[in-house]
Number of protein chains: 2
Amino acid sequence: MAKAPTVYDVAERSGVSIATVSRVFRSPATVRDDTRQRVLAAVNELGYVPSAAARGLAARRTNVIGLFFPGHDETVPDKPVDAARGDTVPIVDEDSDRAPDAENLYFDEVLRGAEIEAWRRGFALMVAAGRGNAREALVTDIAGRVDGLAVLARTVPDELLAYVARRIPVVILAGAQRADDFDHVSASNGPGMRTLANYVLQDHGVHDVVYIAGPADSPDDAERLAGFRDALADSGLAESGVRILRSDFTREGGRAIATRLLAERRPRGILCSNDETALGVLDVLERRGIRVPEDVLVTGFDGISAGRNSRPRLTTVHQPMVELGRAAVHAITARLDDPGLAPQSFTLPVEVVLRESCPRV
Amino acid sequence: MAKAPTVYDVAERSGVSIATVSRVFRSPATVRDDTRQRVLAAVNELGYVPSAAARGLAARRTNVIGLFFPGHDETVPDKPVDAARGDTVPIVDEDSDRAPDAENLYFDEVLRGAEIEAWRRGFALMVAAGRGNAREALVTDIAGRVDGLAVLARTVPDELLAYVARRIPVVILAGAQRADDFDHVSASNGPGMRTLANYVLQDHGVHDVVYIAGPADSPDDAERLAGFRDALADSGLAESGVRILRSDFTREGGRAIATRLLAERRPRGILCSNDETALGVLDVLERRGIRVPEDVLVTGFDGISAGRNSRPRLTTVHQPMVELGRAAVHAITARLDDPGLAPQSFTLPVEVVLRESCPRV
DNA sequence: GGTTCGAGTGTATGCGCATACATCGCGGAG
DNA sequence: CTCCGCGATGTATGCGCATACACTCGAACC
């Protein structure tokens, strides 16, 4: 780690100019073969690694794309990392408190898609999770580092996004297709829920259903709810005939609302606006000995992996999370290629996945 | 997205020099209060965002840390991202082929820890997954962008690591504590397996066990196997008395080895070197109607979330994956603060987590 | 034989910022 | 009243690279 060699060092060593060294990396075809070999030899001997900072400055583009998603640091203690003390290994009985929340799994998959697509297109990927208070500083910090930014819906205030968007393209992930100046990438929420609801209402012939929506400010949730209402209309059912409750997209919230609901009565079907809520509902049903799907049908939305392993396994609408990440990067690079583009919206296809909690009829 | 304003624009607008503008961001305390207000006002009006490239170049440090982990792109088709065609939503029966592999979950958690710790310390986090062939270009590319690099063990050839390490600190994650010049961060593999094995051998009194190891080139696996042997010694058992098989850390591999094993005979306990292998073993046992834990005890190692939801739920040794990520970043920043530091090794504590597949006695 | 042209290379400049150093103004010490 | 010290600000420079432009040289052309 002696001070890093630069183009100048390489140029001197190989007896060419710095321009040629630069060209060896940026446009190898324009350099004669033996010259290139000589330069590369010097590069290897010196251990030269091009400085992305200098390149970014000179080229006015960093070739980095940023991904901003909701934070999760509250759950991680701020204690220093400590090493193992001796060889003592505790033996504990369970680790339920350690359960990863499914939301993270969702973003992990989005991240994976973004990572893949970014590098494929020659971009590096920088990630940041929203820290509650420091969010503003974080966002502008990352904005100064990247050529474009993908942001999970509702994690950054619009005002701040607008500020950043003056400088770089911003794409909003998994939010509704709002009529704003940002690019949007999201899943086909409405049609997905409509199809699933129709499966319950028509194929199963179950009309006695309750719909558990998510937070009122979630555009995704609004679209799903609208899809549910479409399904009601499809079956000629009056909206007044079904109950629509509101929860908060968490498993705990799902448990709470299910407890309240069951205290009154037991419907034949419970449609949830996301998987976590549905898993919470399943928890309560199991505890009460209510059989799923025999007594009650339950469905979710998202397709998180936890739903695949639940008992019973959860019927849901699967979002293409990896594809969402890829599409976000795609949208950004498209805009970088053509800044004049009108704001775009990508809606990715979903799939209804039938599992035990609402099986195929 | 008109061309981004610079310090010069801000300086002119607020009637100060560029040095003062710079100071407002780098050392606000040295700027008089009213001056700072004036500058910040101009910043807001212009939509100024400091260029990380320029800052990095001038300051000779990017404040970015890189995280390099094994690739997964093979599983993602290279087809273009396509939008939803119409509102058609297919209804499918299962999505087992879409199952995320547990290895990714492992790295997702490491990533989460790294992300948290990095931003806490004022670093941005850049991620890259190893692309088989393009790996070398990828590694040097990212090396040119960051101040330090954390690499999952066995994903980058030593030679390449050494090349990069001439320029920036490199820490190896989850590999064995080799005696090389890199910093290492890993979990307490040996003691963890020893403790778990002793629980089986002594507390359960089960001596008729088989150990299923992982790939021979995995340093983690070697440590775990050594821990198992220690446990044998602890109980005064001869190593020749137990069978040690080798698999490949995958669920599929676990199934294969279990099938072969059961064709011969059925031991009372099967200890696996990682969770995925154990899950594969459980698959086979269930298919054959062999009860776990009544007929056979099964244990894993890692603590991936899939093991929490398996049937029966898997007893394992839980690695602190989030902490691993944090520790890696910690190690890098420590070395950046003091480049002269001798190579360090952090070993993080693990926990034996008893679940149904090998319950508390 | 001179001219043209293009491939290959060198020279010069600027990207936007941090920072060492210089400068300025002001209050207190002498 | 002068001098010093110090806080606040300005000036000048360089970080390492990409690239526009200039230049050289040999081959093709008339």
Side-chain angles (χ1 to χ4, degrees), chain A residues 2-40 42-43 46-64 122 140-141 143-147 167-168, chain B residues 2-40 42-43 46-64 122 140-141 143-147 167-168:
Chain A
K3 66 181 180 311
T6 71
V7 273
Y8 296 98
D9 302 317
V10 175
E12 185 176 3
R13 176 132 189 162
S14 51
V16 300
S17 74
I18 64 160
T20 298
V21 175
S22 178
R23 279 190 274 258
V24 165
F25 288 96
R26 293 309 130 219
S27 40
T30 70
V31 179
R32 221 194 324 151
D33 218 54
D34 58 328
T35 313
R36 179 151 24 91
Q37 302 303 340
R38 227 161 3 112
V39 171
L40 288 177
V43 163
L46 294 173
Y48 170 71
V49 175
S51 153
R55 175 173 353 139
L57 183 55
R60 269 163 290 267
R61 111 187 296 229
T62 62
N63 277 303
V64 180
T140 57
D141 178 301
R145 301 176 177 279
V146 303
D147 292 337
R167 187 180 218 269
I168 52 173
Chain B
K3 65 181 182 312
T6 72
V7 273
Y8 295 98
D9 301 317
V10 175
E12 186 176 1
R13 176 131 189 163
S14 52
V16 299
S17 74
I18 63 159
T20 299
V21 176
S22 179
R23 278 191 275 258
V24 165
F25 288 96
R26 293 310 129 220
S27 42
T30 69
V31 179
R32 221 195 321 153
D33 218 52
D34 57 329
T35 313
R36 178 150 27 89
Q37 301 304 340
R38 229 166 358 117
V39 171
L40 288 178
V43 163
L46 294 173
Y48 170 71
V49 176
S51 152
R55 177 176 347 141
L57 182 55
R60 270 165 289 269
R61 114 186 293 230
T62 62
N63 276 303
V64 180
T140 57
D141 178 302
R145 302 175 178 279
V146 303
D147 292 337
R167 187 180 220 266
I168 52 172

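Letters A, B, ... are given to chains in the order of the sequence lines, protein chains preceding strands, and every chain is numbered from 1.
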**Study point:** Under-3.5 Å donor-acceptor pair between A:Tyr8 side chain and D:dC15 base
**Key:** no

Check your understanding: C:dG10 phosphate, OP1 or OP2: any side-chain N/O from A:Thr20 under 4.0 angstrom?
Key -> yes

Review point. Is it true that A:Asp141 and A:Arg145 make a salt bridge, defined as a side-chain N closer than 4.0 Å to a carboxylate O?
Key: yes

Exercise for review: Whole angstrom is fine here: how far is it from CZ in B:Arg61 over to C1' in D:dG16?
Suggested key: 18 Å

Review point. Can a side chain N or O of A:Thr6 be found less than 4.0 Å away from OP1 or OP2 on D:dC15?
Key: no

**Study point:** Donor-acceptor under 3.5 Å (B:Arg167 side chain, A:Val49 main chain)
**Key:** yes

**Study point:** A:Leu57 CG to C:dG16 C1', straight-line distance once rounded to whole Å
**Key:** 5 Å

Practice item. Using only heavy-atom distances, decide whether a donor-acceptor pair under 3.5 angstrom links the side-chain of B:Arg23 to the base of D:dG10. Key: yes

Exercise for review: Identify, between B:Arg60 and B:Asp33, the residue whose nearest nucleotide on DNA chain D lies closer to the 5' end.
Suggested key: B:Asp33

Review point. Using a cut-off of 4.0 Å on non-hydrogen atoms, how would the nucleic acid contact of A:Ser22 be classed: base, sugar-phosphate, or nothing?
Key: base

Practice item. Could you check how far CZ of A:Arg26 sits from P of C:dG8, rounded to whole Å? Key: 19 Å

Point to revise | Nearest-Å distance for atom pair CZ/P, residues A:Phe25 and D:dC17 | key: 9 Å

Review point. Rounding to a whole Å, what distance do you find between A:Glu12:CD and D:dG16:C1'?
Key: 15 Å

Practice item. Give the nucleotide from the list D:dG16, C:dT11, D:dG10 with an atom nearest to the side chain of A:Ala19. Key: C:dT11

Review point. Between atom CZ in B:Arg32 and atom P in C:dC24, what is the gap in whole Å?
Key: 16 Å

Review point. How is B:Tyr48 classified with respect to the nucleic acid when contacts are heavy atoms under 4.0 Å: base, sugar-phosphate, or nothing?
Key: sugar-phosphate

Review point. To the side chain of B:Val31, which of C:dG16, D:dT11, D:dT9 is closest?
Key: D:dT9

Study note, to complete from the structure: Between A:Ser14 and A:Ala42, the two heavy atoms sitting closest are CB-CB, 3.9 Å

Check your understanding: Counting any heavy atom closer than 4.0 Å, what does B:Val16 reach on the DNA or RNA strands: base, sugar-phosphate only, or nothing?
Key -> sugar-phosphate

Exercise for review: Please state how far atom CZ in A:Arg36 lies from atom C1' in C:dA7, giving the value in whole angstrom units.
Suggested key: 14 Å

Review point. For D:dG16, does either OP1 or OP2 sit under 4.0 Å from a side-chain N or O belonging to A:Ser51?
Key: no

Exercise for review: Write down the distance between CD1 (A:Ile18) and P (D:dC21), rounded to a whole number of angstrom.
Suggested key: 17 Å

Review point. Yes or no on side-chain contact (heavy atoms from CB on, under 4.5 Å) for B:Tyr8 and B:Val21, after CA distance, side-chain angles and deciding distance?
Key: CA-CA 8 Å; B:Tyr8 295 98; B:Val21 176; over 6 Å; no

Review point. So, does B:Ser51 use its side chain to make a donor-acceptor pair with the main chain of B:Ala54 at under 3.5 Å?
Key: yes

